[in-house]
Amino acid sequence: MKILVLGGGGREHALVWKLKQSPCVEKIWCAPGNGGIAADAECVAIDAGDVSAIVALAEKIQPDLTVVGPELPLVNGLTDAFRQRKWSVVGPSQQAAQLEGSKVFSKRFLERHRIPTAKMYGAFDSPQEMYKVLSSLTFPVVIKADGLCAGKGVFLAPDFVAAKDFVERVMEKNELGPGGKRILLEETLEGEELSFIILTDGKRYAPLVPTRDHKRVFDGNQGPNTGGMGAYSTDELLPDKLRETIRSTVVEPTLQGLAADDIPYQGFLYIGLMLTKSGPRVLEFNCRLGDPEAQAILARTDFDLAEILSDVAADRLDPSKLHWRRGAAACVVLTSGGYPGKFESGKKINGLTSAEQITGVKVLHAGTKLAAGALLTNGGRVLGVTAAATSLQAALVSAYEAASKIQFAGMHYRKDIGAHATELRASGD
Ligand code: AMP
């Protein structure tokens, strides 16, 4: 089988890494890929969001299967273009990707199908209308830009002044671009967050192993939000009873809702949940695997990923084929100094060989590039040091030992990935 993977971050490196382990895979291309993916696949310098360029590439290389990593190609209609040509592809349609591409679309979908979520106070196209409603609400409230805003479109507003400032920046000064033209206002939920990710062919689905990510840049959840500073996966994150509640109150109504609305969905569906006192509530949908959750999840696969993804594309997913390694996995993200603010790229990366000699460790590349044989940093999130082991504690020890072998100027990483889970266990909670 020849496979094309779209995207160029840590998630796509994890996909390429696992696809390559399949005995039926003969060749992998990745567009655009990165400095680490280049060791496992042929990288093609094309933007994954450029639908016509990707179609032209696929016409030339004729992959047997295409796997879409990030949201942009999905929201831009890439899978529709492929399916019209009867090409095998994993990823939801442009219409289905609106679950992620438009918060208003997704909220209306949730409400229509009575799937538990935060109450919506309204959706607004005009800032003046919004200020009027804001002045009548009790704070805190959550303000969400409708469209894709690279993770910057959600604001938990503590009071009117802060809320007005955010709306001004997003709607009047267009600081987040076209994604901020329309804004949604909703109630604030309290609880622990959990990501629940499924793989579906539209009819059957398989839940992936549970994960939790760490979004803030500094230890103890301090500092600004990032694309993700690390993640871990352990079955203990999701007791059986909670899994059943999520399946029956969220996952199944969602798949039935999509079918009722005549929106076929094939691929990964990421459901961001808040576990409130009155049960799980949907915070958001993503129409793809999370990053860095994918790195921790895929490190635990004990099945042929290429075979399973071909089954999804051919409408014949057999959920019983998804076997997982017992134990746990952890991914520690190494970033450029200053990220998520201003940072410098082009720093030489050392120590990867000794990091990868540690049992169970795989260093997945996100922002790296090769230049004259040297590996250089090329982005905010640079590497995802990923380890699988028989317990979370052991996975964390391996990942941190590997991280300590790697150096580049300005390197930063959190020292407390997964710490909350291990503390809970130590206290018998
Ligand atoms: P979203 O992109 O909608 O998941 O929002 C990003 C983050 O904002 C979530 O992971 C939560 O931490 C937070 N968030 C979103 N909606 C709410 C809500 N209604 N109540 C509390 N926190 C929220």
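When reading the values below, keep in mind they use all heavy atoms of this one structure, side chains included, and skip hydrogens, waters and symmetry mates. Along the sequence shown, residues carry numbers from 1.
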Shortest non-hydrogen contact between [X] and [Y], atoms and distance:
X      : Y      : result
Gly418 : His214 : N-NE2, 3.2 Å
Pro158 : Phe139 : O-CB, 3.2 Å
Glu186 : Tyr121 : C-CE1, 3.5 Å
Pro280 : Leu273 : CB-CD2, 4.4 Å
Gly180 : Cys149 : N-SG, 4.3 Å
Pro264 : Ala96  : O-CB, 3.9 Å

To the nearest 0.5 angstrom, please state how far the [atom1] atom of [X] sits from the [atom2] atom of [Y].
X      : Y      : atom1 : atom2 : result
Met274 : Leu194 : CE    : CG    : 11.5 Å
Leu156 : Ile143 : CG    : CD1   : 9.0 Å
Leu65  : Ile3   : CG    : CD1   : 5.0 Å
Leu19  : Glu12  : CG    : CD    : 11.5 Å
Leu352 : Gln357 : CG    : CD    : 11.5 Å
Ile37  : Glu42  : CD1   : CD    : 13.5 Å

With no hydrogens and no angle check, is any side-chain donor or acceptor of [X] less than 3.5 Å from a backbone partner on [Y]?
X      : Y      : result
Gln266 : Val312 : yes
Asp146 : Lys103 : yes
Thr200 : Gly202 : yes
Thr245 : Lys241 : yes
Asp416 : Ala419 : no
Ser398 : Ala394 : yes
Thr211 : Glu293 : no
Gln94  : Val75  : yes
Glu100 : Ala97  : no
Thr188 : Pro140 : yes

Walk me through whether Glu193 and Leu283 qualify under side-chain contact (heavy atoms from CB on, under 4.5 Å). CA-CA 9 Å; Glu193 285 184 47; Leu283 289 177; 3.8 Å; yes
Are the side chains of [X] and [Y] in touch, meaning some heavy atoms are under 4.5 Å apart?
X      : Y      : value
Leu176 : Arg169 : no
Val5   : Trp29  : no
Phe408 : Asn350 : no
His113 : Pro253 : no
Leu4   : Val44  : no
Ile263 : Tyr265 : no
Ile54  : Leu78  : yes
Asp235 : Val209 : yes

Run the numbers on Arg212 and Glu192 for salt bridge (charged side-chain N to carboxylate O under 4.0 Å, His left out), then give the verdict. CA-CA 10 Å; Arg212 186 165 280 157; Glu192 284 267 15; 3.7 Å; yes
Would Glu252 and Tyr205 satisfy side-chain hydrogen bond (donor to acceptor under 3.5 Å, both in side chains), going step by step from the backbone distance to the final call? CA-CA 9 Å; Glu252 277 148 32; Tyr205 75 94; 2.6 Å; yes
Any salt bridge linking [X] with [Y]? Criterion: basic side-chain nitrogen under 4.0 Å from a carboxylate oxygen.
X      : Y      : value
Glu187 : Lys119 : no
Lys321 : Asp311 : yes
Lys347 : Glu344 : yes
Lys215 : Asp213 : yes
Lys2   : Asp64  : no
Arg83  : Asp80  : no

I'd like to know whether CD of Glu190 has more than 12 heavy-atom contacts from other residues, nucleotides or ligands below 6.0 angstrom.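 No - once you tally the heavy atoms of other residues, nucleotides and ligands closer than 6.0 Å, there are 12 at most.
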Please work out which of the three classes, parallel, tilted or perpendicular, describes the rings of Phe82 and Trp87, given edges at 30° and 60°.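 Aromatic pair Trp87/Phe82 classed perpendicular.
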So Asp304 and Gln21, side-chain hydrogen bond (donor to acceptor under 3.5 Å, both in side chains) or not? Walk me through it. CA-CA 8 Å; Asp304 184 328; Gln21 290 175 356; over 6 Å; no
Could you please spell out the steps behind the side-chain contact (heavy atoms from CB on, under 4.5 Å) verdict for Val361 and Thr386? CA-CA 6 Å; Val361 168; Thr386 305; over 6 Å; no
Where do Arg381 and Asp291 land on the salt bridge (charged side-chain N to carboxylate O under 4.0 Å, His left out) test, with the steps shown first? CA-CA 11 Å; Arg381 291 190 294 166; Asp291 183 335; 3.6 Å; yes
Against the six-membered ring of Phe109, is Lys107 placed for a cation-pi contact (under 6.0 Å from the centre, within 45° of the normal)?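 Checked: cation-pi criterion not met.
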Please lay out, stage by stage, how Leu289 and Ile197 fare under the test side-chain contact (heavy atoms from CB on, under 4.5 Å). CA-CA 7 Å; Leu289 280 169; Ile197 310 176; 4.0 Å; yes
Stepwise, does the side-chain contact (heavy atoms from CB on, under 4.5 Å) test hold for Ile308 with Leu317? CA-CA 7 Å; Ile308 297 293; Leu317 173 68; 4.0 Å; yes
Take Arg300 and Asp302 through the test salt bridge (charged side-chain N to carboxylate O under 4.0 Å, His left out) and record every step on the way to the result. CA-CA 6 Å; Arg300 292 188 61 197; Asp302 195 10; over 6 Å; no
Show your reasoning for whether side-chain hydrogen bond (donor to acceptor under 3.5 Å, both in side chains) applies to Ser195 and Tyr270. CA-CA 7 Å; Ser195 328; Tyr270 171 114; 3.2 Å; yes
